[in-house]
Structure formats: structure tokens, C-alpha cells
Amino acid sequence: QVQLVEPGGGLVQAGGSLRLSCAASGRAFSTYTMAWFRQAPGKERESVAIITWSGGRTTYADSVKGRFTISRDDAKNTAYLQMNSLKPEDTAVYFCAADRLKPISIQSQSYAYWGQGTQVTVSS
């Protein structure tokens with residue numbers, strides 16, 4: 001069982017940066033593929049970035065490529081999402097998700113464990 005906690009959201013101006021973190025409890029964090037999803041009001045939850053359990057592969061939504069970076073520190077049981085050049089359309093609740101030994105999947109139903117979500121608001 002893994003519990004995920006996501007501090008780090010907030011309000012930022014367009015063009016600014018924010019780093020989200022996802023702290024995991026439980027064992028064997030290094031065997032979990034970690035993902036960030038987001039959901040804006042009135043929209044479906046969408047995949048933002050994923051990093052495999054080995055750390056060898058990452059994937060990004062086209063809308064965030066070149067601006068967002070996902071990473072992980074297995075020694076700290078933490079995954080990160082560095083968000084640069086933020087745009088108002090990045091405003092959403094951001095969720096951390098995880099599942100063990102999972103290949104990359106952009107489908108939310110592929111992940112068994114979820115954080116509570118953190119609000120990111122980008123003002124114009």
C-alpha cells in the first residue's frame with residue numbers, strides 16, 4: 001500500500017515557475033511508476049507527465065513539453081514536477097499517481113494509488 005501526499009501548489013503569475021512534489025509512504029518506492037495528472041474545471045483528467053519505475057523513461061503531454069520536467073528521488077521516496085513558463089491554461093488541480101512496475105500509461109485507470117490533489121492557479 002502506498003500513500004501519496006502532494007504539497008507545493010499555489011498561485012503564480014504567467015511565465016513563472018512552480019515545483020510540485022509527491023511524497024510517498026510505504027515500501028519499494030523505486031518499483032513504482034509515478035505520474036502527474038491534472039484536471040481543470042469542467043474538463044476530464046489528463047496525463048501531464050510520467051516517469052517509469054526505473055527512471056529510464058519519461059513522457060509528457062504535448063501541451064507541456066519543453067516546459068515541465070518530471071523527476072524522482074528514490075532515496076527520498078519523492079517524485080517532482082518542475083513547471084516553468086506557466087500559462088493560465090495550466091490552471092488545474094494536479095494529482096500524483098503511482099502503480100508498481102507499471103509501463104508508461106496515460107490512462108488514469110492504470111494507476112492504483114492517488115494523492116489528494118493540489119491546486120495550481122496561473123494568473124494572466
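Along the sequence shown, residues carry numbers from 1. Computed from a predicted model, the values in this text were never measured in an experiment.
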Are [X] and [Y] side-chain neighbours, meaning at least one heavy-atom pair lies under 4.5 Å?
| X | Y | answer |
| --- | --- | --- |
| V93 | T118 | no |
| T33 | D99 | no |
| V120 | T91 | no |

Could you check whether the rings of F68 and Y94 sit parallel, tilted or perpendicular, using 30° and 60° as the cut-offs? tilted

Report the relative orientation of the aromatic rings in F37 and Y111; use parallel for angles under 30°, tilted for 30 to 60°, perpendicular for over 60°. perpendicular

Residues S124 and A14: closest non-hydrogen pair is CA-CB, 4.3 Å

Nearest heavy-atom approach of A24 to V2 is CB-CG1, 4.1 Å

Measure the spacing between [atom1] of [X] and [atom2] of [Y] and express it to the nearest 0.5 Å.
| X | Y | atom1 | atom2 | result |
| --- | --- | --- | --- | --- |
| T78 | E6 | OG1 | CD | 12.0 Å |
| M83 | I70 | CE | CD1 | 12.0 Å |
| Y113 | L4 | OH | CG | 9.5 Å |
| R38 | E89 | CZ | CD | 8.5 Å |
| C96 | L20 | SG | CG | 9.5 Å |
| F29 | D73 | CZ | CG | 8.0 Å |

[Y] and [X] side chains, donor-acceptor separation under 3.5 Å:
| X | Y | answer |
| --- | --- | --- |
| S17 | N84 | yes |
| S108 | R45 | no |
| Q119 | T121 | yes |

Around atom CD of Q3, are there more than 12 heavy atoms from other residues, nucleotides or ligands closer than 6.0 Å? no

I104, CD1: over 12 other non-hydrogen atoms inside 6.0 angstrom: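 For I104, atom CD1 is crowded (more than 12 foreign heavy atoms under 6.0 Å).
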
Do L18 and W36 share a hydrophobic cluster (ILVMFWY, side-chain heavy atoms under 4.5 Å, transitive)? yes

Report whether Y80 and V5 are members of the same hydrophobic cluster (ILVMFWY, side-chain heavy atoms less than 4.5 Å apart, transitive linking).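 In one cluster with Y80: V5, no.
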
Given 3.5 Å as the limit, does a donor-acceptor pair link the side chain of K102 with the main chain of S110, or not? yes

Hey, mind stepping through Q82 and S71 against side chain to side chain contact (heavy atoms under 4.5 Å, CB included) and telling me if it holds? CA-CA 8 Å; Q82 178 67 43; S71 62; over 6 Å; no

Partners of [X] by salt bridge (Lys or Arg N to Asp or Glu O under 4.0 Å), sequence neighbours excluded?
| X | value |
| --- | --- |
| D74 | R72 |
| R67 | D90 |
| K43 | none |

Please lay out, stage by stage, how F95 and W114 fare under the test side chain to side chain contact (heavy atoms under 4.5 Å, CB included). CA-CA 7 Å; F95 297 89; W114 289 82; 3.8 Å; yes

